[in-house]
Amino acid sequence: MDLNAQRIVITGASRGLGRALALELAPRDTRLLLVARDPDTVAGVAAEVRDRGGHAEIVAADVGDKHAIHAIAAAAHATLDHVDALIHNAGTLGPPSLRPLAETACEDLQRAIDVHVLGPFRLTKALAGPMLLRRRGLIMHVTSDAATEAYPDWGAYGASKAAFDQLSRIWAAELDGTGVRFLAVDPGEMDTALHHQAVPDADRASLAQPDDVAARLVARLGQPAPLASGSLLEVQR
């Protein structure tokens, strides 16, 4: 699905890949709703989008908070009229720092599930209905190889990402033929605040830049051959 001239909701839009996608889409005649917890930071991203000739509105909300989902959906319909694409990009490591499962608090695992699984599930339910009526839409989520590889200390993050990967595949199977497509995107290791929090001693020169990843992702989605619903797109350096 070409993202040019589309109306798009991006969660986790205040930094990292979310911010990079917003800026990449800014000059492409898109209308964006940017979702993030920090109102000041996400407002700054919206201002950058407008400086590049784009259109952006914001809603300060935590996708992991079930009470915030209706506010996000209402803002999407009020500011965009309809939603062509929903990008689930918000993420959390779960615990404040990576640790073995035996040392992971239940509340930290719950937080990872809230952000990576329940929040996107609720928001998909809230926004997919109008897409089904229009028989057109893309719901995309950002995943990681931690969803399939059992990396020690990445338990809360990896398990919750794995759950959402499977959830997305089931959505794709159930809505096959409706015009609403689901896509998982693995951007690889990027030079982001989340990666630095997880691996503070990583060689930053070896990491992909979010702006480059966003450009490659948008370019791939614009190619004539569409990706099958339920598939995984690995955005390589």
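Side chains included, hydrogens not; waters and symmetry mates left out as well; all remaining heavy atoms used. Just so you know, residue 1 is the first one in the sequence shown, and it goes up from there.
Considering CD1 of Ile58 and CG of Asp40, their distance stands at 8.5 Å, rounded to 0.5 Å. Expressed to the nearest 0.5 Å, how far OG1 of Thr178 lies from CG of Leu175 amounts to 4.5 Å. Annotation: the span from Leu101 atom CG to Arg99 atom CZ amounts to 11.5 Å, rounded to 0.5 Å. Note that CG of Leu25 is 5.5 Å distant from CD1 of Ile10, once rounded to the nearest 0.5 Å.
Minimum interatomic distance between Leu32 and Ala22 (heavy atoms only, all atoms of both residues): CD1-O, 3.7 Å. Taking each heavy atom of His77 and Pro130 in turn, the nearest pair found is CE1-CG, 3.8 Å. Of all heavy-atom pairs spanning Arg52 and Ala26, the tightest one is CB-CB, 3.8 Å. When all heavy atoms of Ala13 and Ala36 are compared, the pair lying nearest together is N-CB, 4.2 Å. For Asp186 against Asp145, the heavy-atom pair with the smallest separation is OD2-N, 3.5 Å. Summarising the geometry of Ser231 relative to Ala228, their closest heavy-atom pair is OG-O, 2.6 Å, with the distance given to 0.1 Å.
With a 4.5 Å cut-off on side-chain heavy atoms, Thr41 and Arg15 do not count as touching.
The closest donor-acceptor contact from the side chain of Thr30 to the backbone of Ala5 lies at 3.5 Å or more, if one exists at all. Proximity of a side-chain donor or acceptor of Ser144 to a complementary backbone N or O of Ala147 within less than 3.5 Å is not detected. Using modelled atom types, one side-chain atom of Ser206 and one backbone atom of Asp203 make a donor-acceptor pair closer than 3.5 Å. Looking only at distances, no side-chain donor or acceptor of Arg31 sits under 3.5 Å from a matching main-chain atom of Asp81. Judged purely by atom type and a 3.5 angstrom limit, Asn89 uses its side chain to pair as donor or acceptor with the backbone of Gly12.
The side-chain hydrogen bond (donor to acceptor under 3.5 Å, both in side chains) contacts involving residues 155-165 comprise His116-Ser160, His141-Asp165, Thr143-Asp165, where partners must be two or more places apart or lie in separate chains.
With sequence neighbours excluded, the residues forming a side chain to side chain contact (heavy atoms under 4.5 Å, CB included) with Asp84 are Met1, Gln6, Arg7, His82, Arg134, Arg136, listed by chain and number. Listed by chain and residue number, nothing satisfies the salt bridge (Lys or Arg N to Asp or Glu O under 4.0 Å) test with Glu234 (two or more places apart in sequence, or in another chain).
Hydrophobic clustering of Ile, Leu, Val, Met, Phe, Trp and Tyr side chains at less than 4.5 Å, counting indirect connections, keeps Leu232 apart from Val235. Each of Met190 and Val199 belongs to its own hydrophobic cluster when Ile, Leu, Val, Met, Phe, Trp and Tyr are linked at side-chain heavy-atom distances under 4.5 angstrom. Side-chain heavy atoms closer than 4.5 Å link hydrophobic residues (I, L, V, M, F, W, Y) into clusters, and following such links, even through other members, never connects Val9 to Leu23. Under the 4.5 Å side-chain heavy-atom criterion for ILVMFWY residues, no single connected hydrophobic cluster contains both Trp171 and Leu133. Hydrophobic clustering (ILVMFWY, side-chain heavy atoms < 4.5 Å, transitive): Leu93 and Ile113 are in distinct clusters.
Checked by atom type, the side-chain pair Thr124/His88 shows a donor-acceptor distance below 3.5 Å.
Salt bridge Arg28/Asp2: absent, no basic N to carboxylate O contact under 4.0 Å.
Between Glu57 and the options Leu80, Val49, Leu33, a side chain to side chain contact (heavy atoms under 4.5 Å, CB included) holds for only Leu33.
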